[in-house]
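Working notes for the structure below.
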Amino acid sequence: MPLLSIVVPAYNEEAVLPEFHRRTSAVLDGLDMDAEVIYVNDGSKDGTLQVLRQLRAQDPRVGIVDLSRNFGKEIALTAGLDVARGDAAIVIDADLQDPPELIPELLRKWQEGYDVVYAQRESRAGESVAKKATAYAFYRLIQRMSRVKIPADTGDFRLLSRRALDALKQLREQHRFMKGLFAWIGFPQVGVPYRRDPRFAGDTKWNYWRLWNFALDGITSFSIAPLKVASYLGLSIAAFAFFYAMWIIAKTLIWGDPVPGFPTLIVVVLFLGGMQLMFLGVIGEYLGRMFDEAKRRPLYLLNRLELPGESPSPPAH
Ligand code: UDP
Ligand code: MG
């Protein structure tokens, strides 16, 4: 029988995990496939690991990847996908915002021959207007800027075929904008619409500062357009300056020079200074990411790996 891997990143999710596992295993029981559920404990500070241990004791399909600290969702996902052994893998959030009941539908598309089946939100319940609006704007912006086609209103909830998974595993960049990486690998991809539920329990781990940095990671990993803006803007300002200079010279020759224009001078100096600092910042964003890449650190470190049906390594102490 083919094997399905479910990969679940979890950071401080003790309140939702039992319910998540109950709903997910009910779905898995109804499939004509073997299944494993890989939970990635992303350095949780609450009882997440204990809850996961209990689930593993009760259900032989459960595996636990225990990271050495909190690495963030994108890397936690990567760690889970690295150990997934399935013929297909499904990535899903632990907080039940992504309904596990959609899994059979994702599998159907996979059986039709698609390599990546992503769940596309028709609606997202229980989130603020500001979050929905910024998410909407962000997805539209990145679609225009990036050369790979990143589907709109799509989270990480999706199915990957074995070859899509193997392709993804070759992308080892540090700043991992997973939605972009999923799109970058290509292969036949298809979306399945669904309604995103509110969080079952617990709090979101993403404040606006984190989301902003996440957006910057997305844009800088998939587009160099911000770097080019400076050249074109510089060119247009230089062209404008040239004609303005001609005009000033002509004016001085014809009418003489009574030395006015201090306000203009200040405005121009401040404007250009601001622009220059801003584009230094843009270059800095890219440079900083190159710095992180150049260090070639591993993406994550494991505290303990407990695959389904295998004894844990290294041994517990
Ligand atoms: N998550 C994680 N590491 C983190 C933050 C979040 O593994 O540093 C997990 C979290 O446990 C959940 C998923 O990523 O399963 C999505 O997180 P959350 O629901 O907080 O994000 P939101 O749905 O609000 O975007
Ligand atoms: Mg969530």
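Counting starts at 1 for both ligands and their atoms, following the listed order.
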For ligand 1, note which part of Asn70 has a heavy atom under 4.0 Å away: side chain, backbone, both or neither.
->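 Asn70 to ligand 1: side-chain contact only, backbone stays beyond 4.0 Å.
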
Relative to ligand 1, is Arg210 under 4.0 angstrom through side chain, backbone, both or neither, heavy atoms considered?
-> side chain

Mind checking whether Pro9 has an N or O less than 3.5 Å away from an N or O of ligand 1?
-> yes

Give me the residue, atom name and distance of the protein heavy atom closest to [atom].
atom	result
atom 21 (O) of ligand 1	Trp206 CD1, 2.9 Å
atom 24 (O) of ligand 1	Thr204 OG1, 2.6 Å
atom 18 (P) of ligand 1	Arg199 NH2, 3.5 Å
atom 3 (N) of ligand 1	Asp42 OD2, 2.6 Å
atom 20 (O) of ligand 1	Lys205 N, 2.8 Å
atom 19 (O) of ligand 1	Asp95 OD2, 2.5 Å

Does Arg196 reach ligand 1, in the sense of a heavy atom lying below 4.0 Å from it?
-> yes

Measuring from the Mg ion (ligand 2), name the closest N, O or S atom belonging to Asp95.
-> OD2

Specify whether an N/O/S atom of Asp93 falls short of 2.8 Å from the Mg ion (ligand 2).
->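 Checking the Mg ion (ligand 2) against Asp93, no N, O or S atom falls under 2.8 Å.
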
Between [Y] and [X], is there a salt bridge with N-O shorter than 4.0 Å?
X	Y	value
Glu285	Arg289	yes
Asp98	Arg121	no
Lys295	Glu293	no
Lys73	Asp156	yes
Arg56	Asp59	no

So which of Leu96, Asp98, Asp93 gets nearest to atom 16 (C) of ligand 1, if we judge by its closest heavy atom?
-> Asp93

Candidate with minimal heavy-atom separation from atom 23 (O) of ligand 1, of Lys131, Gln97, Lys73, Glu13 |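 Selected option, by shortest heavy-atom distance: Gln97.
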
Check Asp95, Asp153, Asp93 against Arg196 for a salt bridge (Lys or Arg N to Asp or Glu O under 4.0 Å) and give me the one that passes.
->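 Considering Asp95, Asp153, Asp93, a salt bridge (Lys or Arg N to Asp or Glu O under 4.0 Å) with Arg196 is found only for Asp93.
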
Please step through side-chain contact (heavy atoms from CB on, under 4.5 Å) for the pair Ile103 and Leu4, ending with a clear verdict.
-> CA-CA 10 Å; Ile103 290 174; Leu4 172 68; 4.2 Å; yes

Atoms of ligand 1 close to Ala94 [distance to a heavy atom under 4.0 angstrom, numbered from 1] |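 The atoms of ligand 1 under 4.0 Å from a heavy atom of Ala94 are 15 (O).
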
Side chain proximity check, Arg176 to Thr78, heavy atoms < 4.5 angstrom |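 The answer is yes, as the side chains (C-beta and beyond) meet within the 4.5 Å cut-off.
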
Beyond-backbone contact of Gln189 with Tyr114, side-chain heavy atoms, under 4.5 angstrom = no

Row check, Phe20 ring normal vs Arg22 NZ/CZ: under 6.0 Å, within 45° | no

